[in-house]
Amino acid sequence: MVFLSLQSEKENMKNLEAINKRRTFGIISHPDAGKTTLTEKLLLFGGAIQTAGAVKNNKIKKSATSDFMEIEKQRGISVATSVMAFEYAGKQVNILDTPGHKDFAEDTYRTLTAVDSVILVIDAANGVEEQTKKLMEVCRMRKTPVIIFVNKLDRDGKYTFDLLDELESHLDIKVRPLTWPIGMGDRFKGVYNIYDNNINLFSANKTKISTEIVSIDDVNDPKLDEIISEEPANELREDLEILEGVYDEFDREKYLSGDLAPVFFGSAVNNFGVKELLDTFCNISPAPRGRDTDDGRKEPTDPKFSGFVFKIHANLDPKHRDRIAFLRIVSGKFERNTFYNHVRLDKKMKFPNPTSFMAQDKSVIDEAFPGDVIGLYDSGNFKIGDTLTETGKFMFKGIPSFSPEIFQELENLDPMKSKQLDKGIRQLIDEGVAQLFIQQPGNRKIVGTVGQLQFEVIQHRLINEYGANCRFVPRNFSKATWVTSDNMEQLETFKRAKLSSLAYDKDENLVFLAETPFLLTMAEQDYPDLTFHQTSAFKLEKA
Ligand code: G4P
């Protein structure tokens with residue numbers, strides 16, 4: 001008995017250590033702000049890659065519109081690059097990759113459910129862009145802690161104080177600079193580290209890590225004028241004075257609750273300001289956090305294993321239908337070859353070859369801890385949002401489907417293959433490629449996506465992987481919203497009145513497909529007791 005409890009005490013300690021060591025996050029940005037470049041530099045620091053360019057080569061070409069080879073390549077390769085793990089400063093850093101292309105935005109939104117914090121990259125010249133706003137809305141909704149990295153200081157950008165104001169007003173979050181740029185563009189001298197009181201001098205260098213750090217105890221020290229010359233030194237002193245007057249002290253609690261974003265400045269391509277970012281990230285970012293389930297919250301320290309699937313990757317080779325399901329571990333310890341409950345299917349499953357993604361290698365692992373993401377080979381058992389547990393039949397909440405923006409009806413071109421088409425489209429929907437809405441009468445399949453590229457991907461995959469020939473006919477809907485109400489009478493009246501604009505999603509939830517934003521506003525006014533949810537995560541909103 002004594003031995004047993006000692007043993008489990010030891011085990012608990014080991015789990016706790018593993019949890020505290022992990023930092024799982026995503027890098028997000030508007031395309032071209034420098035997400036890939038920054039990811040690569042972080043990997044260089046972490047020793048996960050040896051040369052610059054390794055990540056870049058795997059990136060989907062931004063010009064991709066109908067180049068299927070490129071899409072296929074992306075899908076195949078990004079299994080390896082979807083999760084990148086490395087050790088740095090005593091932490092195991094797990095970076096979850098998010099696709100930059102806006103047509104894959106929904107994939108990014110879902111990946112954000114599996115991270116504990118994010119780094120948001122902003123282009124100093126462009127400031128807050130469209131995609132930045134959308135991604136931040138998701139972070140705000142989930143109260144995800146955010147660190148902002150203002151990139152491309154080696155080029156002329158917006159006036160720093162204006163940019164900070166723009167971040168606060170457009171992203172609806174308080175900011176607090178932790179470093180400060182000294183000039184920009186041609187006059188860029190370096191970054192002042194406000195907390196450590198030192199200056200990192202700028203030297204454009206794309207392959208090496210900048211080591212020229214000069215410590216300065218007091219910005220009024222004349223040494224500063226010698227180092228960066230008088231004018232920039234005075235400018236820096238003035239800026240710092242204003243800054244201390246305008247911004248409150250950095251408050252880690254506010255950062256952790258998603259209310260305050262620390263801001264860093266640098267130039268990713270020149271390896272500049274990245275170390276400050278990574279060091280601070282390792283110091284302040286949250287260890288793995290718990291998640292809500294329909295049976296209360298599960299914390300990482302709960303001894304029983306649980307986790308959820310947030311991404312499914314199809315095999316590149318259509319002859320091998322197996323897929324990889326990405327599972328985020330929330331609590332307990334995952335072990336290879338151990339039976340777990342697949343809650344939705346009410347089925348026991350074990351996994352002989354779970355993989356981890358250390359550096360660029362995929363390797364089979366025996367155990368994994370909260371914060372880790374592992375790959376499970378799947379022959380069609382998993383859907384996005386599925387939960388695995390050691391004990392209990394709860395499901396994790398809040399893996400939302402976002403409101404699609406483009407709608408097309410799927411038409412079967414080969415009546416002999418309708419079964420294949422049905423199976424194919426359902427499997428692709430399980431993978432999260434798009435959303436499917438069924439309209440009556442006639443079981444019409446309306447496919448909704450956030451980008452046009454998705455339709456090409458679906459059509460291509462249906463014919464290549466399932467032998468089902470189809471075409472898409474545009475439908476004139478502009479927005480899908482999920483409808484709920486406690487007022488059954490009003491709900492029924494609404495259903496009768498809007499029959500031609502109603503559909504059901506894959507979980508049989510009622511969806512209103514509004515033809516114009518105005519018609520949605522009208523419906524909201526006409527039926528005040530109905531709630532029109534922008535995402536299918538309304539169960540979470542209500543909780
Ligand atoms: P993304 O993943 O967010 O889409 O951006 P990515 O890293 O691909 O960067 C977009 C472009 O911005 C790249 O140029 C990259 O080299 C450049 N870039 C990244 N960081 C900096 C920086 O600190 N300063 C400057 N001046 N440019 C930066 P590209 O021409 O699209 O690609 P490439 O030919 O340079 O690879």
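This one's a predicted model, so the numbers in the text were calculated from it and none came from an experiment. Counting convention: from 1, in listed order, for ligands and their atoms alike. Only heavy atoms go into these numbers, but all of them, side chains included; no hydrogens, no water, no symmetry mates.
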Requested in this report: Specify side chain, backbone, both or neither for Arg155, according to which of its non-hydrogen atoms lie closer than 4.0 Å to ligand 1.
Outcome: side chain
Query raised in the report: Do the ring planes of Phe45 and Tyr88 sit parallel (below 30°), tilted (30 to 60°) or perpendicular (above 60°)?
Result: perpendicular
**Report entry** Side-chain H-bond candidate by donor/acceptor type, Lys506 with Gln435, under 3.5 Å
**Finding:** no
Report task. Classify the ring geometry between Phe455 and Phe472 as parallel (under 30°), tilted (30 to 60°) or perpendicular (over 60°). Result -> perpendicular
Query - Ligand-side contact atoms (ligand 1) for residue partner Lys35, heavy atom cut-off under 4.0 Å - result: 1 (P), 2 (O), 3 (O), 5 (O), 7 (O)
Query raised in the report: Taking only heavy atoms of Ser267, which atoms of ligand 1 are found under 4.0 Å from at least one of them?
Result: 22 (C), 23 (O), 24 (N)
Query raised in the report: Is the shortest distance from a Lys or Arg side-chain nitrogen in Asp292 or Arg142 to a carboxylate oxygen in the other one below 4.0 Å?
Result: no
Report task. Please work out whether any backbone atom (N, CA, C, O) or any side-chain heavy atom from C-beta onward of Asp32 is under 4.0 Å from ligand 1, and answer side chain, backbone, both or neither. Result -> both
**Report entry** Geometric class of the Tyr255/Phe250 ring pair [parallel <30°, tilted 30-60°, perpendicular >60°]
**Finding:** tilted
Report task. Using distance alone, determine whether Ala268 and ligand 1 share an N or O pair under 3.5 Å. Result -> yes
Requested in this report: Evaluate the ring planes of Phe25 and Phe281, with Trp represented by its six-membered ring, and classify them as parallel (under 30°), tilted (30 to 60°) or perpendicular (over 60°).
Outcome: tilted
Query raised in the report: So Phe396 and Phe308, would you call those rings parallel, tilted or perpendicular, with 30° and 60° as cut-offs?
Result: tilted
Query raised in the report: Does even one non-hydrogen atom of Asn270 get within less than 4.0 Å of ligand 1?
Result: no
Report summary line: Note: Asp154, heavy atoms under 4.0 Å from ligand 1, region reported as side chain
Query raised in the report: Does an N or O from Gly34, backbone or side chain, lie closer than 3.5 Å to an N or O of ligand 1?
Result: yes
Requested in this report: Output the list of atoms in ligand 1 that are nearer than 4.0 Å to some heavy atom of Pro31, sorted by atom number.
Outcome: 4 (O)
Requested in this report: Look at atom 2 (O) of ligand 1 and find which of Asn271, Asp123, Thr36 reaches it with the closest heavy atom.
Outcome: Thr36
Query raised in the report: In terms of side-chain geometry, is the basic nitrogen of Lys134 or Glu405 positioned less than 4.0 Å from the acidic oxygen of its partner?
Result: yes
Requested in this report: Please identify which atoms of ligand 1 are closer than 4.0 Å to at least one heavy atom of Ser29.
Outcome: 3 (O)
